[in-house]
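To start, the structure under review is shown below, and the notes come after it.
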There are 2 protein chains.
Amino acid sequence: MARVRISDVAAAAGVSTSTVSLVLNDRTGARISEETRARVREAAAVVGYTPNSIARGLRTQRTRTIGLVSDVIATTPFAGRMLAGAQDAAREHGHLLILVNTDADPAVERDAIRALVDHQVDAMIFATMWHRVVETPEGLPDRTVFLDCRPADGTRPAVVPDEVAGGRAAVRELLAAGHRRIAWLDIDEPDPPVASGLRHQAYREVLAEAGITPDPAWHVRGDGTTAASGRAATDRLLDLPPHRRPTAIFCFNDRMAAGAYVAARHRGLEIPADLSVVGYDDQQLVAGELDPPLTTIALPHYEMGRWAAEVALGAREPPEPDQPYLMPCPIIRRDSVSSPPAAAPTPAGGEPDTTP
Amino acid sequence: MARVRISDVAAAAGVSTSTVSLVLNDRTGARISEETRARVREAAAVVGYTPNSIARGLRTQRTRTIGLVSDVIATTPFAGRMLAGAQDAAREHGHLLILVNTDADPAVERDAIRALVDHQVDAMIFATMWHRVVETPEGLPDRTVFLDCRPADGTRPAVVPDEVAGGRAAVRELLAAGHRRIAWLDIDEPDPPVASGLRHQAYREVLAEAGITPDPAWHVRGDGTTAASGRAATDRLLDLPPHRRPTAIFCFNDRMAAGAYVAARHRGLEIPADLSVVGYDDQQLVAGELDPPLTTIALPHYEMGRWAAEVALGAREPPEPDQPYLMPCPIIRRDSVSSPPAAAPTPAGGEPDTTP
DNA sequence: TGAGACTGCTAAATCGATTGACCAAATCTT
DNA sequence: AAGATTTGGTCAATCGATTTAGCAGTCTCA
């Protein structure tokens with residue numbers, strides 16, 4: 001069954017294809033009588049006409065598609081949310097999303113960009129699944145938005161999570177519960193992700209504001225990808241003498257927080273009564289299923305995906321053209337934070353609590 | 001900077017556009033001298049020509065795109081793997097994947113299908129994130145493949161996980177470790193997923209083969225979405241009198257298996273020494289991070305995505321045209337299965353172990 | 001030597017829409 | 001009543017490729 005073409009509608013309505021096009025596209029300024037318009041619309045409905053997007057795209061040079069190239073989509077639970085955000089926004093604006101996943105292979109990436117450009121996408125989104133700084137790949141069209149990464153040359157709009165604000169919220173949560181000895185369970189990688197530095201910065205700032213000088217021993221590291229590494233790092237923390245031992249841990253991510261739980265449990269420590277924990281990422285399957293459920297900071301992947309698509313389509317202006325947009329990371333309060341154990345002695349070198 | 005067109009190549013090489021097209025597409029049978037061919041290729045490379053896919057698509061009626069419409073992509077960790085499989089296969093065949101996620105909204109679904117058809121996709125994949133039977137939506141092109149779902153009228157190729165084989169592997173694993181009292185922690189839903197029935201069927205068959213008549217009390221249920229429900233169901237199992245109490249549990253999914261861990265731990269039971277557990281789904285963040293890591297059955301989402309794209313592109317024939325293809329679910333052996341506790345008494349009504 | 005075959009390449013039609021130029025008829029001006 | 005406007009539409013070019021039919025020229029061979 002062949003597709004219905006515009007000429008079929010024209011024949012059915014007894015007018016030219018020009019008229020059909022003019023009517024169906026609601027071209028204001030086109031002088032077509034209301035009577036004819038009605039007849040055309042009726043005919044189009046009867047024969048079930050929908051315009052061929054390819055033909056239209058060739059003529060108008062706009063395809064109503066947006067290309068999204070990303071590095072890894074399979075191995076992260078975040079990808080779906082990011083895609084969903086971008087796709088929802090695209091759909092709301094009558095656009096389709098073409099997805100290419102490069103597995104971080106430069107050759108594939110180059111081909112993908114070219115294929116998308118050849119397909120005449122109206123805009124492009126370049127996404128990574130981990131917040132980082134990237135070299136701008138060759139061949140990217142002007143209308144490109146960076147998603148969860150920042151181009152080294154800040155030439156195009158970009159959106160990344162507001163890691164500093166997120167980190168502050170996490171540490172403040174612990175501070176507000178009364179903790180003074182707060183550890184930072186960092187990620188240990190040869191090339192640390194930008195999130196690590198930013199969250200650490202937040203950690204230091206907030207403690208400083210509260211008049212706390214963190215004990216260097218409170219800064220521990222795990223590989224970031226396994227709970228086991230979080231457990232090992234936490235063990236190092238719990239091995240500290242009582243007056244230096246942290247009563248709370250801010251973890252780089254939920255998986256390592258899960259390791260902190262294991263370490264605590266193996267020593268008979270209760271969470272949160274004996275040890276408070278805050279994670280990052282809000283990985284539902286980890287944070288929500290831990291016992292007790294983990295308080296954490298959510299990464300706003302859906303919102304970032306949406307933002308990227310809206311900016312790519314010109315439906316939203318980036319507030320500061322040359323700066324990446326910082327998407328807020330909301331805190332998700334569950335049950336892993338409480339006040340520190342009453343018996344906890346004040347740290348030896350601890351300043352008096354002068355919080356206003 | 002305007003795109004390079006075929007006419008630019010033609011001008012640079014001093015030939016007609018026809019010749020350029022013939023050469024660049026390697027049309028066998030076209031009589032073009034080797035000398036001219038070289039000149040054209042050279043010119044194309046120099047000016048950096050890549051064909052405009054839209055123009056080509058209009059003429060050839062093939063767009064080298066494949067449309068994928070799915071219900072929920074964001075809220076499941078499986079989606080990524082499925083998309084990755086489909087997308088990898090598409091890329092290997094020079095195709096692009098256009099993704100639409102309908103959130104199971106019928107109106108959105110209808111619009112999405114129409115938009116994809118209007119975009120002249122060469123083939124379509126209709127995917128769901130949970131194995132189920134669906135009514136064939138209106139307007140789907142002939143070249144449609146169903147992914148992780150089966151059309152009620154078996155008119156088109158479909159691929160689903162081989163739940164029965166997976167379930168058998170799980171129960172056999174337990175049997176092989178020496179268990180005789182094996183529970184089935186089912187999912188409890190008003191409209192139970194097809195996976196539930198199929199895995200239960202596998203459970204009964206394998207036990208029957210081993211000459212075991214399962215105690216009805218071994219069939220318990222949880223809501224399937226939370227670990228808490230798995231814990232409650234497991235508590236019911238562990239409350240059974242010692243001679244009826246199961247030594248192993250086959251869980252509908254990993255999340256409920258996580259709940260089983262919690263229940264066991266709260267009674268001071270060790271896994272796997274006191275209780276063996278097998279899950280289903282292989283959700284990395286759950287199964288891999290439990291302590292001890294969970295033995296489970298993996299859902300082959302990547303492979304199914306790949307299969308669907310290959311069949312959609314005609315690169316592979318479905319072996320049985322009218323039957324859904326059953327993709328094997330591999331068992332992932334970790335550390336949650338061991339032989340039953342030595343003290344475990346033989347079930348009261350237990351048959352002698354006659355396994356060959 | 002001249003018909004037929006072959007070689008190398010091009011002209012022009014085509015895909016299905018959009019759109020600026022233009023036309024015929026009706027209406028308005030003066 | 002002749003010219004100017006307005007109304008309601010159509011013609012044909014166009015987007016950028018692919019593809020079929022066919023045109024010159026050369027070669028073959030009776």
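Any value given below was found using the heavy atoms of this structure, including those in side chains, with hydrogens, waters and symmetry copies removed. Throughout, protein chains are lettered first and strands after them, A, B, ... in sequence-line order, and every chain is numbered starting at 1.
- The CG atom of Asp26(B) sits 16 Å away from the C1' atom of dT19(D) (whole-angstrom rounding).
- The separation between Leu24(B) atom CG and dA17(D) atom C1' is 12 Å, rounded to whole Å.
- Within 4.0 Å of Ile54(B), counting heavy atoms only, lies no atom of the nucleic acid at all.
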Which pairs would a plain distance check flag for residues 318-329 of chain A, meaning a side-chain donor or acceptor within less than 3.5 Å of a matching protein atom at least two apart in sequence or in another chain?
none

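- Atom CG in Leu22(A) sits about 10 Å away from atom P in dT10(D), given to the nearest Å.
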If you apply the rule side chain to side chain donor-acceptor pair (under 3.5 Å), what do you find for Thr50(A) with Asp118(B), and how did you get there? CA-CA 7 Å; Thr50(A) 54; Asp118(B) 289 346; 2.7 Å; yes
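- Taking 4.5 Å as the limit, every side-chain heavy atom of Val108(A) sits out of range of all side-chain heavy atoms of Pro106(A).
- Look at CZ on Arg62(B): it is 18 Å from C1' on dG16(D), rounded to the nearest Å.
- Here the side chains of Phe146(B) and Val311(B) are not in contact, with every heavy-atom distance at 4.5 Å or above.
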Residue pair Asp8(B), Arg3(B): steps toward the salt bridge (Lys or Arg N to Asp or Glu O under 4.0 Å) verdict: CA-CA 10 Å; Asp8(B) 298 323; Arg3(B) 271 188 70 87; over 6 Å; no
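- Glu35(A) places its CD atom 10 Å from the P atom of dG8(D), with the value rounded to the nearest Å.
- Ring orientation note: the planes of Phe78(A) and His301(A) are close to parallel, at an angle under 30° on the 30°/60° scale.
- A heavy-atom distance below 4.5 Å is found between the side chains of Val72(A) and Asp103(A).
- The two residues Val4(B) and Val47(B) have their closest heavy-atom pair at CG2-O, 3.3 Å.
- Residue Arg27(B) has no polar side-chain atom (N or O) positioned under 4.0 Å from OP1 or OP2 of dT18(D).
- If you measure from atom CZ of Arg56(B) to atom P of dT14(C), you get 21 Å, rounded to the nearest angstrom.
- Residues His131(B) and Glu163(B) form a side-chain contact, since some pair of their non-hydrogen atoms from C-beta on lies under 4.5 Å apart.
- Rounding to whole angstrom units, NE2 of residue His119(A) and C1' of dA17(D) are separated by 13 Å.
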Between the protein and nucleotides 6-8 of chain C, list the N/O to N/O atom pairs that are separated by less than 3.5 angstrom.
residue, atom, partner, partner atom, Å
dG8(C), N7, Arg31(B), NE, 3.0
dG8(C), N7, Arg31(B), NH2, 3.3
dG8(C), O6, Arg31(B), NH2, 2.7

Tabulated below should be each protein N or O lying under 3.5 Å from an N or O of nucleotides 11-15 of chain D; please produce it.
residue, atom, partner, partner atom, Å
dC11(D), N4, Ser18(A), OG, 2.5
dA12(D), N6, Ser18(A), OG, 3.4
dT14(D), O2, Arg59(A), NH1, 3.0
dC15(D), O3', Gln61(A), NE2, 3.3
dC15(D), O2, Arg59(A), N, 3.4

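- Here Tyr49(A) reaches the OP1 or OP2 of dA17(C): one of its side-chain N or O atoms lies under 4.0 Å away.
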